[in-house]
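As the structure is a prediction and not an experimental result, all values here were calculated from the model. Along the sequence shown, residues carry numbers from 1.
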Amino acid sequence: MKMLISQIRENAGFTQAEFSKLLGVSPKTMWNIEQDSTNLSNALTEKIILLCDVTYDQIFFGKKYEKIEQNKRLVLERFRKLNANKEVS
């Protein structure tokens with residue numbers, strides 16, 4: 001499953017301020033990246049991959065709200081399937 005940059009950072013145990021220092025960007029830039037990683041540079045992508053031991057394919061590139069909406073749709077779909085299975089039983 002693809003992860004937001006904020007999820008990757010949090011899984012590594014860092015605050016935005018700490019992680020921004022590791023990446024060499026300002027805290028404001030880190031906040032912007034976490035809101036929309038659509039245009040994340042190759043250099044920053046490589047740093048995140050190396051520092052956090054994730055693969056390129058694990059990173060969600062896009063707007064945070066798009067990922068949240070995607071997750072919400074998946075949960076609702078699973079909920080509908082779960083209820084459909086109860087009705088059949």
**Report entry** Set of residues satisfying side chain to side chain donor-acceptor pair (under 3.5 Å) with respect to Thr45, sequence neighbours excluded
**Finding:** none

Query raised in the report: Of all heavy-atom pairs between Arg9 and Phe14, which one has the smallest distance, and what is that distance?
Result: NH1-O, 2.8 Å

Report summary line: Looking only at heavy atoms, the pair that brings Glu18 and Gly13 closest together is OE1-O, 4.0 Å

Query raised in the report: Taking all atoms of both residues into account, what is the closest heavy-atom pair of Lys47 and Leu23, and its distance?
Result: NZ-O, 3.0 Å

Query raised in the report: With a 4.0 Å cut-off, would you call Lys81 and Glu77 a salt bridge?
Result: yes

**Report entry** Under 3.5 Å side-chain donor-acceptor pair for Thr38 and Asp36
**Finding:** yes

Requested in this report: State whether the number of non-hydrogen atoms from other residues, nucleotides or ligands found under 6.0 Å of Lys21 atom NZ is greater than 12.
Outcome: no

**Report entry** Single-linkage hydrophobic cluster Leu51~Leu4, side-chain heavy atoms < 4.5 angstrom
**Finding:** no

Query raised in the report: So, does Glu69 use its side chain to make a donor-acceptor pair with the main chain of Glu66 at under 3.5 Å?
Result: no

Requested in this report: List the atom of Ile48, the atom of Val54, and the distance in Å for their closest heavy-atom pair.
Outcome: O-CG2, 4.0 Å

Query raised in the report: At their closest point, which heavy atom of Met1 faces which heavy atom of Asn71, and how far apart are they?
Result: CE-OD1, 4.2 Å

Report task. For Asp53, check salt bridge (Lys or Arg N to Asp or Glu O under 4.0 Å) against everything at least two apart and list the hits. Result -> none

Report task. State whether the side chain of Lys72 and the backbone N or O of Lys67 hold a donor-acceptor pair below 3.5 Å, judged by distance alone. Result -> no

Query - Heavy-atom pair with the smallest gap, counting every atom of Ala17 and Ser20 - result: O-OG, 2.8 Å

Report task. Say whether, by atom type as modelled, one donor and one acceptor occur between the side chain of Ser37 and the main chain of Glu34 under 3.5 angstrom. Result -> no

